[in-house]
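Accompanying notes for the structure given below.
Chain letters run A, B, ... following the sequence lines, proteins first, then strands; residues in each count from 1.
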Amino acid sequence: MGRLNRNESILTTLAEMYPDAKCALIFRNPFELLIATILAAQATDKSVNKITPGLFSRFPTPESMLSLTQEELEQEIKSIGLYKNKARNILATCRLLVEKYGGQVPSVRVDLESLPGVGRKTASVVLAEAFQIPAIAVDTHVFRVSNRLGLAQGKDVVKTEEDLMKNIPMDQWRIAHHWLIIHGRQVCHARKPACGDCALTAYCRHHTGNDYDEEGEAK
DNA sequence: AACTCGGGGCA
DNA sequence: TGCCCAGAGTT
């Protein structure tokens with residue numbers, strides 16, 4: 001086996017740090033993943049996982065979820081916060097799934113992003129996790145960790161999903177998202193990263209004092 | 001680009 | 001008590 005380049009070494013180390021990396025949301029099918037991911041926006045995976053098993057056992061399909069009034073759904077999801085917008089969006093999405101997509105979750109990005117409450121990131125999560133379609137879901141954690149690690153080779157900055165795809169081998173696109181986001185949540189925090197728990201400090205711009213701020217520019 | 005949604009977990 | 005959370009929609 002040949003010598004690993006910089007990004008290959010980083011990804012190999014991440015794989016060793018998080019051997020059990022997987023989607024943090026509990027789901028059994030595309031519909032459950034879609035709803036769980038809409039719920040997970042600006043909430044913690046733990047808080048979402050606390051309510052979704054009970055919710056999905058009683059309302060496992062878009063048709064059955066439409067038996068809820070918005071007020072009833074708000075009460076079901078109240079504990080995760082931002083519940084009014086999410087309840088409205090989820091019911092509107094269920095309506096579209098039934099009326100336009102035969103009760104199924106579409107596997108095309110433009111269709112997914114046309115659903116209320118579904119943006120770029122949620123669409124990528126569903127494409128990659130539910131349909132095994134090449135995509136990398138990117139969020140603030142993924143951008144922060146990617147740029148601290150300098151995954152964009154040299155001085156370039158990862159700003160888009162496409163930027164990240166260019167710098168990660170395609171066979172690792174799906175799992176790399178989980179490595180990066182878990183690392184961001186558990187170790188590589190935005191404010192006070194736990195560098196003592198990190199095996200990647202040798203590659204890290206934060207650790208060497210050349211971190212990137214929220215604009216993606218060198219500090 | 002800035003603003004809004006938000007109850008709950010955790011230090 | 002204060003800070004922050006697996007974003008998206010609106011202005």
Tell me the interatomic distance from [X], atom [atom1], to [N], atom [atom2], rounded to whole angstroms.
X      : N      : atom1 : atom2 : result
A:K46  : C:dC4  : NZ    : P     : 18 Å
A:L39  : C:dA8  : CG    : C1'   : 13 Å
A:R191 : B:dA11 : CZ    : C1'   : 15 Å
A:Q186 : C:dC4  : CD    : P     : 19 Å
A:H189 : C:dC5  : NE2   : P     : 9 Å
A:F143 : C:dG7  : CZ    : P     : 12 Å
A:I51  : B:dG8  : CD1   : C1'   : 12 Å
A:R88  : C:dA8  : CZ    : P     : 15 Å

Query raised in the report: Given the P atoms of C:dT10 and B:dG6, what is the spacing between them in whole Å?
Result: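 Here C:dT10 and B:dG6 have their P atoms 14 Å from each other.
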**Report entry** Set of residues satisfying side-chain contact (heavy atoms from CB on, under 4.5 Å) with respect to A:I133, sequence neighbours excluded
**Finding:**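 In terms of side-chain contact (heavy atoms from CB on, under 4.5 Å), with neighbours along the sequence ignored, A:I133 is linked to A:S107, A:L127, A:F131.
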Requested in this report: For A:E162, check salt bridge (charged side-chain N to carboxylate O under 4.0 Å, His left out) against everything at least two apart and list the hits.
Outcome: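 With neighbours one apart ignored, the set is A:R120.
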Query raised in the report: For A:R28, which residues count as a salt bridge (charged side-chain N to carboxylate O under 4.0 Å, His left out) partner, sequence neighbours excluded?
Result: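 With sequence neighbours excluded, A:R28 shows a salt bridge (charged side-chain N to carboxylate O under 4.0 Å, His left out) to A:E32, given in chain and number order.
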Under the side chain to side chain donor-acceptor pair (under 3.5 Å) rule, collect the residues that match up with [X], sequence neighbours excluded.
X      : value
A:R88  : A:N85
A:Q172 : none
A:Q42  : none
A:S79  : none

Under 3.5 Å, sequence neighbours excluded: what are the donor-acceptor pairs made by side chains of residues 136-143 of chain A?
{"unit_1": "A:D139", "atom_1": "OD1", "unit_2": "A:H141", "atom_2": "N", "d": "3.1"}
{"unit_1": "A:D139", "atom_1": "OD1", "unit_2": "A:V142", "atom_2": "N", "d": "2.9"}
{"unit_1": "A:H141", "atom_1": "ND1", "unit_2": "A:R144", "atom_2": "NH2", "d": "3.1"}

Query raised in the report: Does atom CD of A:Q70 have more than 12 heavy-atom neighbours from other groups under 6.0 Å away?
Result: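 More than 12 heavy atoms, drawn from other residues, nucleotides or ligands, come within 6.0 Å of this atom.
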Query raised in the report: So which of residues 16-38 of chain A are in contact with DNA chain B, with a heavy-atom cut-off of under 4.0 Å?
Result: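 Heavy-atom cutoff 4.0 Å gives no residues at all.
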Just to be sure I understand the rule, does [X] reach a base, reach only the sugar-phosphate, or reach nothing, if contact means heavy atoms closer than 4.0 Å?
X      : value
A:T140 : nothing
A:H178 : base
A:S79  : sugar-phosphate

Query - Listed partners of A:H183 passing ring pair (Phe, Tyr, Trp, His ring centres under 6.0 Å), at least two apart - result: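 In terms of ring pair (Phe, Tyr, Trp, His ring centres under 6.0 Å), with neighbours along the sequence ignored, A:H183 is linked to A:Y18.
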Report task. For DNA chain C, determine which residues of residues 111-120 of chain A have any heavy atom closer than 4.0 angstrom to one of its atoms, and list them numerically. Result ->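 Within residues 111-120 of chain A, the residues near DNA chain C are A:L115, A:P116, A:G117, A:V118, A:G119, A:R120.
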Requested in this report: Could you walk me through whether A:I10 and A:L200 pass side chain to side chain contact (heavy atoms under 4.5 Å, CB included), step by step?
Outcome: CA-CA 7 Å; A:I10 291 171; A:L200 291 163; 4.2 Å; yes
Report task. Examine distances only and state if a side-chain atom of A:S47 and a backbone atom of A:A43 form a donor-acceptor pair shorter than 3.5 Å. Result ->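 Checked: no pair found.
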Listing time: all N or O pairs from protein to nucleotides 4-6 of chain B that are below 3.5 Å?
{"unit_1": "B:dG6", "atom_1": "OP1", "unit_2": "A:L82", "atom_2": "O", "d": "3.4"}
{"unit_1": "B:dG6", "atom_1": "OP1", "unit_2": "A:Y83", "atom_2": "N", "d": "3.0"}
{"unit_1": "B:dG6", "atom_1": "OP1", "unit_2": "A:K84", "atom_2": "N", "d": "2.5"}
{"unit_1": "B:dG6", "atom_1": "OP1", "unit_2": "A:N85", "atom_2": "N", "d": "3.4"}
{"unit_1": "B:dG6", "atom_1": "O5'", "unit_2": "A:L82", "atom_2": "N", "d": "3.3"}
{"unit_1": "B:dG6", "atom_1": "O4'", "unit_2": "A:L82", "atom_2": "N", "d": "2.8"}
{"unit_1": "B:dG6", "atom_1": "N1", "unit_2": "A:Q42", "atom_2": "O", "d": "2.9"}
{"unit_1": "B:dG6", "atom_1": "N2", "unit_2": "A:Q42", "atom_2": "O", "d": "3.1"}
{"unit_1": "B:dG6", "atom_1": "N2", "unit_2": "A:I80", "atom_2": "O", "d": "2.6"}

